[in-house]
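In what follows, a structure is listed as structure tokens, so that the remarks can point back to it.
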2 protein chains.
Amino acid sequence: MKKTVVVFSLVIIAVFILLRISKYSYLSGITSIEMTIAVIAIVFFFAGIYLHKKSLHKKQPNTPKTPKVNYQKIKELHLSKREYEVLCEMAKGLSNREIADVLFVSESTIKTHISNIFSKLDAKRRTQAIQISKELQILPF
Amino acid sequence: MKKTVVVFSLVIIAVFILLRISKYSYLSGITSIEMTIAVIAIVFFFAGIYLHKKSLHKKQPNTPKTPKVNYQKIKELHLSKREYEVLCEMAKGLSNREIADVLFVSESTIKTHISNIFSKLDAKRRTQAIQISKELQILPF
DNA sequence: ATTTAGCTCATACTAAAGTACCAAAATTTT
DNA sequence: AAAATTTTGGTACTTTAGTATGAGCTAAAT
């Protein structure tokens with residue numbers, strides 16, 4: 001924020017200086033107007049680049065990692081809403097008992113869901129299912 | 001590359017048009033020179049922003065994902081070389097039997113390694129160990 | 001030379017995961 | 001309303017994972 005103010009101040013000062021140069025050169029001759037305009041154009045061109053660069057340096061740390069979930073893939077795999085929930089909890093490292101507790105269902109239900117997930121993801125183990133999900137960009141982390 | 005050429009062409013055309021306007025306004029009055037300069041400044045300012053934005057959109061896909069391994073953390077956790085190998089294979093989704101095969105040791109050895117890994121990572125399950133390793137940025141993927 | 005740390009492997013056991021098959025509600029779609 | 005899908009849950013079983021303990025071997029550090 002402070003740097004932006006400084007840059008804007010410098011730009012404004014540059015404008016005044018260039019306006020003075022333009023008036024001065026206007027008195028000395030007509031042909032120097034094009035030169036003045038060119039100088040102003042170049043200065044503001046790089047000012048635009050500089051300011052945009054600065055604004056990006058501030059936005060990048062705000063969004064360090066934004067993993068996007070490929071919802072299309074989830075549909076293609078015919079993963080139901082509940083199955084996807086179970087998959088996410090599984091990927092967090094929870095056991096069947098823990099998943100059952102956070103989703104308020106029995107452990108048997110979780111086992112059924114996970115078996116279905118495995119067949120749909122073509123996985124044999126939960127660790128493999130997690131790896132496959134990662135590659136398919138299905139998980140939100 | 002093609003878009004950059006187009007943009008530069010448009011900018012050059014804009015320069016000629018503005019130079020003509022400046023000459024025209026120069027004939028009509030002295031005060032309009034400041035206006036002309038202001039317009040040129042604004043145009044080139046945004047041109048700079050636009051071009052910089054475009055150049056960034058080309059640089060971003062060059063560096064899609066570069067997961068860096070935090071070797072310092074591995075040392076801090078006192079994970080041995082072999083234990084780290086086992087951890088990586090585990091994170092790939094392999095079973096104990098499969099890890100034993102790729103590392104040419106017995107399944108008992110893998111079980112021992114994994115038990116040690118769990119105590120060092122403070123994990124109770126392999127899925128949890130994978131999640132913790134991910135957060136600690138220990139895994140190379 | 002002795003200790004230390006790391007790698008190996010085994011046995012015996014418990015716990016958890018996973019499979020197979022079934023079936024009843026609940027929900028959504030047609 | 002009927003059909004299809006999803007969600008739920010159970011039993012019985014097999015397999016894999018994980019724990020505990022002990023022990024031999026090697027290489028590096030003290």
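What you see is a predicted model; the values in this text were computed from it and never measured. Chain letters run A, B, ... following the sequence lines, proteins first, then strands; residues in each count from 1.
No donor-acceptor contact under 3.5 Å links the side chain of Thr112(B) to the base of dC7(C).
Taking NE2 from His78(B) and CG from Asn116(B), the interatomic distance works out to 13.5 Å, rounded to the nearest 0.5 Å.
Here the C1' atom of nucleotide dA15(C) and the CD1 atom of Ile114(B) are 16 Å apart, to the nearest Å. When rounded to the nearest whole Å, the span between CE of Met90(A) and P of dA16(C) equals 17 Å. Whole-Å rounding puts the Glu107(A) CD to dT19(C) P distance at 14 Å. Atom P of nucleotide dA16(C) and atom NZ of Lys111(A) are separated by 10 Å, given to the nearest angstrom. Here dA15(C) presents its P atom at 18 Å from CD of Gln128(B), a figure rounded to the nearest Å. Atom pair Arg125(A):CZ and dT14(D):C1' shows a separation of 16 Å (rounding to whole Å applied). Straight-line distance from the NZ atom of Lys124(B) to the C1' atom of dA17(C): 17 Å, rounded to whole Å. Distance Leu87(A) CG to dT6(D) P: 16 Å, rounded to the nearest Å.
Ranking dA17(C), dA17(D), dT19(D) by closeness to the Ser95(A) side chain, first place goes to dA17(C). In the set dT19(C), dC7(C), dT8(D), dT8(D) carries the atom at the smallest distance from any side-chain atom of Val105(A).
Within the 4.0 Å cut-off from OP1 or OP2 of dT8(C), at least one side-chain nitrogen or oxygen of His113(B) is found. Contact check, Arg97(A) against dA16(C): no side-chain N or O comes under 4.0 Å of OP1 or OP2. In this structure, Ser115(A) reaches the dT19(C) phosphate: one of its side-chain N or O atoms is under 4.0 Å from OP1 or OP2. Contact annotation: Ser106(B) side-chain N/O to dC9(C) OP1/OP2 distance is under 4.0 Å. Contact annotation: Ser108(A) reaches the phosphate of dG10(D) (side-chain N/O to OP1 or OP2, under 4.0 Å). The side chain of Asn96(A) contributes no N or O atom lying less than 4.0 Å from OP1 or OP2 of dA16(C). An OP1 or OP2 oxygen of dG18(D) is reached within less than 4.0 angstrom by a side-chain nitrogen or oxygen of Arg126(B).
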Val105(B) and Ile99(B): side chain to side chain contact (heavy atoms under 4.5 Å, CB included), yes or no, with the steps? CA-CA 8 Å; Val105(B) 290; Ile99(B) 298 170; over 6 Å; no
Derivation of the side chain to side chain contact (heavy atoms under 4.5 Å, CB included) call for His113(A) and Arg82(A): CA-CA 8 Å; His113(A) 284 317; Arg82(A) 203 57 164 170; 3.6 Å; yes
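The bend of the helix from dA1(C)-dT30(D) to dT30(C)-dA1(D), defined by the angle between the axes of its first five and last five pairs, stands at 60° to the nearest 10°.
Residue order along DNA chain D, read from the 5' end via each residue's closest nucleotide, puts Thr109(A) first among Leu94(B) and Thr109(A).
At least one donor-acceptor pair closer than 3.5 Å links the side chain of Glu98(A) to the backbone N or O of Ser95(A). Side-chain atoms of Arg126(B) never come within 3.5 Å of backbone atoms of Met90(B) as a donor-acceptor pair (strictly under, hydrogens ignored). A donor-acceptor pair under 3.5 Å is absent between the side-chain atoms of Gln131(A) and the main chain of Gln128(A), judged by distance alone.
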Distance-only donor-acceptor pairs under 3.5 Å for side chains of residues 69-77 of chain B, two or more places apart:
residue: Asn70(B); atom: OD1; partner: Gln72(B); partner atom: N; Å: 3.3
residue: Asn70(B); atom: OD1; partner: Lys73(B); partner atom: N; Å: 3.3

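Between the side chains of Ser106(A) and Thr109(A), at least one donor N or O sits under 3.5 Å from an acceptor N or O.
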